[in-house]
Amino acid sequence: MARSEEVSEESGEVRGMAGESPENFALRCKGLVKSYADVVAVNGLDLEVREGECFGLLGPNGAGKTTTVEILEGLTPPDRGEVEVLGRKWGQGRDAELRGRLGVQLQETQFPEKLTVEEVVRLFRSFYARGHDIEDVIRIVELTEKEKARVGKLSGGQKQRLALACALVGDPELLFLDEPTTGLDPQARIQVWALVEDFHRRGITVLLTTHYMEEASRLCDRVAIMDHGRLMALGSPSELITSLGADQVIEFSVDGAMENSELSGLPGVTGVSMKNHDFLLHVSNTAVTLPALLDELSRRRLRLDAMTTHQATLEDVFIKLTGRKLRDA
């Protein structure tokens, strides 16, 4: 894919997909809407996930990611819209067969604490007509040493890997992972990332929801950024970052008032946005922009309170689109 798709602000329609045949997609939804009382959780969402790709839904808590995934998994009916999973639609009489081709890890999975790891995986294997060998799955998720351990004695990271084993044991064609690393320490998170990368290499299509930008950048071929149930942007992580038109970001705050227009004319500045009360300058060359910025602050007699610089990330894309930080949104 050479470019990111464009998203219509009015309809959420994704353009740039013309010419691709339906058989290339493991998952499609169109015009998806779901409301709870007065809250619109999903608002006219269009998505297409290609076979064999790792596709990420990136957004803050409350963006509508989990509701979207539950609809796609067939757990929650939409108010409006169409869903096609592995070429089939839910509610047409063959749902059990379709579920047998999916692997699902929910945002929170509760296992009986008295069962052992082996017993839990064996139980989930019994739900499928076909699947992997239990010992092989336990080995894949690196729980062989805990095979006889009871669930109640596992760490948070080990429980997440057990949940992945249960999602994998049916040999799925499409794997849903909803916030698979939330609440894990950094080491456990990296272990889960390595497992997801291995699933991807095996040819399994993966739909991943996350609010960790680093997770999306590392794991996903393409990312859809969601907020308030709507699609804000769609493309590969590198394409979305490139859409900023900047290689670096200068973030700073001052003790007085400034207008964005006063900063946009500085050399090397390709865009200006705000995060809370901080200015974010998207720049092509920090070495050019930084001296000019300091000169301008000195000329205006403004005291610099804080300043940082960093490479542009998906977080910066989200801030540009919504005006707030991903994790605080």
Side-chain angles (χ1 to χ4, degrees), residues 1-5 26-27 47-61 63 65-66 68-69 103-107 140-142 155-161 163-165 167-168 172 174-227 231-244 246-249 308-322 325-329:
M1 179 173 159
R3 61 181 178 84
S4 59
E5 290 86 359
L27 181 65
L47 285 178
E48 293 177 316
V49 178
R50 299 177 181 130
E51 291 180 355
E53 78 173 330
C54 184
F55 187 94
L57 285 181
L58 179 64
N61 293 330
K65 305 187 304 297
T66 295
T68 298
V69 169
V104 176
Q105 182 193 10
L106 302 176
Q107 194 172 84
I140 288 171
V141 299
E142 300 178 357
S155 67
Q158 290 166 344
K159 288 179 180 178
Q160 287 290 72
R161 282 186 275 152
L164 285 171
L168 187 65
L174 173 59
L175 187 60
F176 291 95
L177 303 177
D178 191 8
E179 303 278 4
T181 63
T182 296
L184 299 187
D185 61 62
Q187 182 178 0
R189 183 173 295 128
I190 290 172
Q191 289 175 329
V192 171
W193 289 352
L195 290 173
V196 175
E197 288 171 329
D198 185 54
F199 300 158
H200 189 201
R201 282 192 295 269
R202 293 165 183 261
I204 301 174
T205 304
V206 179
L207 177 62
L208 169 80
T209 75
T210 183
H211 57 259
Y212 294 115
M213 59 181 178
E214 183 183 359
E215 185 163 278
S217 295
R218 171 167 170 170
L219 299 179
C220 298
D221 299 310
R222 290 191 301 147
V223 171
I225 296 180
M226 289 185 66
D227 193 32
L231 184 60
M232 306 294 290
L234 175 64
S236 71
S238 60
E239 288 165 349
L240 292 175
I241 293 170
T242 299
S243 71
L244 288 172
D247 295 323
Q248 295 98 25
V249 176
T308 61
T309 64
H310 62 265
Q311 290 293 118
T313 67
L314 285 175
E315 180 89 45
D316 300 306
V317 177
F318 185 82
I319 292 171
K320 182 178 180 181
L321 293 170
T322 67
K325 190 176 179 181
L326 179 62
R327 296 296 304 278
D328 298 335

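Here the side chains of Leu177 and Thr209 are not in contact, with every heavy-atom distance at 4.5 Å or above. Using a 4.5 Å heavy-atom cutoff, the side chains of Pro60 and His211 are not in contact. At a threshold of 4.5 Å between non-hydrogen side-chain atoms, the residues Val223 and Leu234 do not count as touching. In this structure, the side chains of Ile241 and Leu314 come closer than 4.5 Å at one or more pairs of heavy atoms. Between Leu106 and Asp178 the shortest side-chain heavy-atom distance does not fall below 4.5 Å. By the 4.5 Å heavy-atom criterion applied to side chains, Glu142 and Arg161 are counted as neighbours. Here the side chains of His310 and Asp316 are in contact, with some heavy-atom distance below 4.5 Å. Here the side chains of Thr181 and Trp193 are in contact, with some heavy-atom distance below 4.5 Å.
Cation-pi geometry between Arg50 and Phe55 is not met: the NZ or CZ atom fails to fall both under 6.0 Å from the ring centre and inside 45° of the normal.
Put simply, the side chain of Lys65 never gets that close to the backbone of Leu58: no donor and acceptor are under 3.5 Å apart.
Atom OG of Ser155 is separated from atom CD of Gln160 by 10.0 Å, given to the nearest 0.5 angstrom. Here Leu240 contributes atom CG and Arg222 contributes atom CZ; the two are 10.5 Å apart, rounded to the nearest 0.5 Å. Atom CZ of Arg189 sits about 8.0 Å away from atom OG1 of Thr210, to the nearest 0.5 Å. The CD atom of Glu53 lies 7.5 Å from the NE2 atom of His200; values are rounded to the nearest 0.5 Å. Interatomic distance, Ile140 CD1 to Phe199 CZ, rounded to the nearest 0.5 Å: 7.0 Å. Rounding to the nearest 0.5 Å places CG of Leu57 at 8.5 Å from CG of Leu208.
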>> Please determine whether side chain to side chain contact (heavy atoms under 4.5 Å, CB included) holds for the pair Leu184 and Val192, giving the CA-CA distance in whole Å, both sets of side-chain angles, and the decisive distance to 0.1 Å.
In response: CA-CA 9 Å; Leu184 299 187; Val192 171; 3.8 Å; yes

>> With side chain to side chain contact (heavy atoms under 4.5 Å, CB included) as the criterion, how do Leu27 and Leu47 come out once you've worked through the C-alpha distance, each side chain's angles and the decisive distance to 0.1 Å?
In response: CA-CA 8 Å; Leu27 181 65; Leu47 285 178; over 6 Å; no

> Please walk me through it: do Leu174 and Ile204 pass side chain to side chain contact (heavy atoms under 4.5 Å, CB included)?
Replying inline: CA-CA 6 Å; Leu174 173 59; Ile204 301 174; over 6 Å; no

>> Could you walk me through whether Val317 and Leu244 satisfy the side chain to side chain contact (heavy atoms under 4.5 Å, CB included) test, starting with their C-alpha distance in whole Å, then the side-chain angles of each, then the deciding distance to 0.1 Å, before giving a yes or no?
In response: CA-CA 7 Å; Val317 177; Leu244 288 172; 4.0 Å; yes

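Remark: Glu214 CD is loosely packed, at most 12 non-hydrogen atoms of other residues, nucleotides or ligands lying under 6.0 Å away.
Residues Arg202 and Asp198 share a closest heavy-atom pair of NE-OD2, 2.8 Å. When all heavy atoms of Arg218 and Ile190 are compared, the closest pair comes out as NH1-CG2, 4.4 Å. Counting all heavy atoms, side chain and backbone alike, Ala312 lies closest to Ala246 at CB-O, 3.7 Å. Heavy-atom minimum distance, Pro172 versus Ala167: CG-O, 3.6 Å.
In this structure, a donor-acceptor pair under 3.5 Å is absent between the side chains of Gln248 and Thr309.
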